[in-house]
Protein chains: 2
Amino acid sequence: MGQGKKTILIVEDDSILSSLIKEYLEKQDYNISTEPRGDCAAYRILEESPDLVILDLMLPGKDGLSVCRDVRSSYKGPILILTAKEDDMDQVAALEMGADDYVKKPVKPRVLLARIRALFRRAQSSPIVNSSEKIKHFGILEIDSSSRVVRLEKEKISLTTLEFDVLWLLASEPGKILSRDHIFNSVKGFDWDGTDRSIDMAISRLRKKLKDSSENPLKIKTIWGSGYLFVEEAWN
Amino acid sequence: MGQGKKTILIVEDDSILSSLIKEYLEKQDYNISTEPRGDCAAYRILEESPDLVILDLMLPGKDGLSVCRDVRSSYKGPILILTAKEDDMDQVAALEMGADDYVKKPVKPRVLLARIRALFRRAQSSPIVNSSEKIKHFGILEIDSSSRVVRLEKEKISLTTLEFDVLWLLASEPGKILSRDHIFNSVKGFDWDGTDRSIDMAISRLRKKLKDSSENPLKIKTIWGSGYLFVEEAWN
DNA sequence: ACATATGTTCAACAGACAATCACAATAAAT
DNA sequence: ATTTATTGTGATTGTCTGTTGAACATATGT
């Protein structure tokens, strides 16, 4: 499930620190992007709408406080200020400006993580409504993503989680070639290592369960050197 | 609990500091009560349900961390830890235990106020989910959250607190995958340690009571590697 | 056409994760 | 303080998924 990971934008001009935090948080299973410039930060926050923003105060282009003020009215996620400035009045100003936390450098990664988690616990945000279609029909095949049930000629087929996810993805774009790379990424949420053949296996097991011949597959075709393709017309 | 003044409970054994903060915050138009003992704190938090709690860690009777853990599942307001302890691990532990902020003494009143305000801002805007809907119907299943009664084909099913909370949460978002992490967090109020299997057990017991087959669950499905999902269509 | 390199399938195995039992620890009730 | 109910834990079993290697298929170069 790709949607699972939370995204965090780190706005920080010290690239060493920035990538240090990035690495640490990536290990904790967050999706991290970084931005060194203050004047680009506001734009990117609104554009990417990350689940959380880590914001430095002293930045080239525009200071963090202004960024915070500028985005606060439209960006609803938590903003965590991370800065070396010692002044208490900055802290007060930032918090009043709409920041949710103010942490002084240097900070232990473990502490930063705990604070991030506390903010997420409170925010609990996920207003992204999945308005896309929940049920797909292709002749004798029916796929229901809210109950995760697949029927073939009205008969229920029991698929595993991975098999279902792959089928749903392919069926979402019938007639289009999807690379292993892309399938892997969409289904697992992280990148393909190039040697993994789990997708091959999932396809193989899917074909068997969907009664598609493997030597001459009509329903899920192999595009040699490119990937796989769901054939819409094959289910009648 | 009216719209008027917000109430804050200060749990702090140093009576000088305690009344200092009390005075300052009263000037800012908050309603303050104080409690010096740790072992009485949990009781008073649940009894008075203040809008926010300021909690010291080193307390007579019972330490603040335990207080935090004990009340977290039923007390939903912000908890701010205010302590002289310097140890980073205490900070991490407190935040993971469900605290919302961790401030080191000594702190300027102005800073404390700013942090309190930031917490209130979040608490207010955080979506209280079930203010409207108190009863859910899914075919033969009926869940009443005001009386905490569950009926299956009109027959009353007796669920434990945890089981009910988990069921209610899942049924609040049918067709959506909820991770153990998320379920644990919502139900207990603090973070999952990664080895705990209480949610698995709750699900297992729920399935049994709701007469869902365990080898091939139709009503509460397992999404391998991700979590669980409530199937709306399975109750007809 | 032939050999060679590269991409794909599949069976069998191994490791990771989940379900469940029986029991221990904890909390609640008496 | 004792009993009872609820929740968490260790061990076991089963299920899902990824890996390996051999066989097979498709493309490329000579």
Side-chain angles (χ1 to χ4, degrees), chain A residues 1 4 29 148 157-167 177-181 183-185 187-210 212-229, chain B residues 39 42-43 46 62 66-67 69-74 148 157-167 177-181 183-184 187-229:
Chain A
M1 245 266 298
D29 213 31
R148 301 180 69 94
I157 304 285
S158 107
L159 298 185
T160 68
T161 303
L162 178 63
E163 287 160 8
F164 183 91
D165 287 344
V166 170
L167 176 61
I177 301 168
L178 301 182
S179 66
R180 274 183 189 65
D181 201 326
I183 296 172
F184 191 94
N185 212 320
V187 165
K188 309 254 200 191
F190 53 92
D191 278 340
W192 191 43
D193 72 6
T195 69
D196 185 311
R197 263 167 302 170
S198 54
I199 299 303
D200 305 42
M201 286 308 306
I203 296 282
S204 163
R205 286 163 178 157
L206 254 178
R207 280 181 179 146
K208 202 175 283 177
K209 288 185 180 178
L210 298 176
D212 197 8
S213 108
S214 58
E215 320 148 342
N216 185 26
L218 300 172
K219 298 161 177 173
I220 300 176
K221 288 198 176 171
T222 302
I223 310 303
W224 207 89
S226 303
Y228 299 97
L229 172 149
Chain B
D39 42 8
Y43 175 76
L46 298 176
K62 191 187 221 178
S66 313
V67 174
R69 176 168 39 73
D70 290 351
V71 299
R72 201 19 130 187
S73 57
S74 23
R148 300 181 72 91
I157 304 284
S158 104
L159 298 185
T160 68
T161 313
L162 178 62
E163 286 160 7
F164 184 90
D165 288 345
V166 171
L167 176 62
I177 301 169
L178 302 182
S179 66
R180 275 185 190 67
D181 201 325
I183 296 172
F184 191 95
V187 166
K188 307 257 198 191
F190 53 91
D191 280 338
W192 189 44
D193 72 6
T195 67
D196 186 309
R197 264 165 312 156
S198 53
I199 300 302
D200 304 44
M201 285 310 300
I203 295 282
S204 166
R205 284 161 180 155
L206 258 177
R207 280 182 179 146
K208 199 174 285 177
K209 288 183 181 179
L210 298 175
K211 305 198 170 57
D212 197 7
S213 115
S214 55
E215 39 181 52
N216 186 27
L218 301 173
K219 298 162 178 173
I220 300 176
K221 289 201 171 174
T222 302
I223 311 304
W224 213 89
S226 300
Y228 299 98
L229 170 150

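Just so we're on the same page: letters track the sequence lines, and every chain starts at 1.
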Closest to the A:Tyr228 side chain, choosing from C:dA11, C:dT20, C:dT9: C:dT9
Sugar-phosphate only, base, or nothing, as touched by A:Phe184 at under 4.0 Å among non-hydrogen atoms: nothing
Euclidean distance, atom NZ of residue B:Lys209 to atom P of C:dT20 [Å, nearest integer]: 14 Å
Sugar-phosphate, base or nothing in reach of A:Phe164, heavy atoms under 4.0 Å: nothing
Atom-pair distance (CG on A:Asp200; C1' on D:dT19), nearest Å: 12 Å
Donor-acceptor pair (no angle test) under 3.5 Å: A:Arg197 side chain, D:dT20 base: no
Flag side-chain contact, heavy atom, 4.5 Å: A:Arg180 against A:Asp200: yes
Nearest-Å distance for atom pair CD/P, residues A:Glu163 and C:dC10: 13 Å
Phosphate contact (C:dA19 OP1 or OP2) by B:Ser204 side-chain N/O below 4.0 Å: no
B:Arg148 side chain near B:Thr161 side chain, heavy-atom distance below 4.5 Å: yes
Min side-chain heavy-atom separation B:Thr160-B:Lys209 under 4.5 Å: yes
A:Thr222 side chain near C:dG7 phosphate (N/O to OP1/OP2, under 4.0 Å): no
NZ/NE/NH1/NH2 to OD/OE distance under 4.0 Å, B:Asp191 and B:Arg72: no
D:dC16 phosphate, OP1 or OP2, under 4.0 Å from A:Thr160 side-chain N/O: no
Separation of C:dC10 P from A:Asp212 CG (nearest whole Å): 10 Å
From D:dT19, D:dC16, D:dG8, nucleotide with atom closest to A:Met201 side chain: D:dT19
Spacing of B:Trp192 atom CH2 relative to D:dT9 atom P, expressed in whole Å: 12 Å
Student check: side-chain heavy atoms of B:Thr222 and B:Tyr228 closer than 4.5 Å: yes
5' priority, DNA chain D, between A:Leu162 and A:Trp224 [closest heavy atom]: A:Leu162
Minimum-distance nucleotide (side-chain atoms of B:Thr161 versus D:dT7, C:dT9, D:dT19): D:dT7
Between C:dA18 (P) and B:Asp196 (CG): distance, integer Å: 13 Å
Selection from C:dA18, D:dG8, C:dT8 that lies nearest to any side-chain heavy atom of B:Lys188: D:dG8
Length of the CZ-C1' vector between B:Arg69 and C:dT26, whole Å: 11 Å
Among C:dA19, D:dG8, C:dT9, the nucleotide that comes nearest once only the side chain of B:Arg205 is considered: D:dG8
B:Lys208 side chain near C:dC21 phosphate (N/O to OP1/OP2, under 4.0 Å): yes
Aromatic plane relationship, B:Phe184 with B:Phe190 - under 30° parallel, 30 to 60° tilted, over 60° perpendicular: perpendicular
Separation of D:dT7 C1' from B:Leu159 CG (nearest whole Å): 14 Å
Touch class at under 4.0 angstrom, heavy-atom based, for A:Ile199 against every strand present: nothing
Earlier contact from the 5' end, DNA chain C, for B:Ile203 and A:Arg180: A:Arg180
Upstream residue (5' side of DNA chain D) when B:Glu215 and A:Thr195 are each assigned their closest nucleotide: B:Glu215
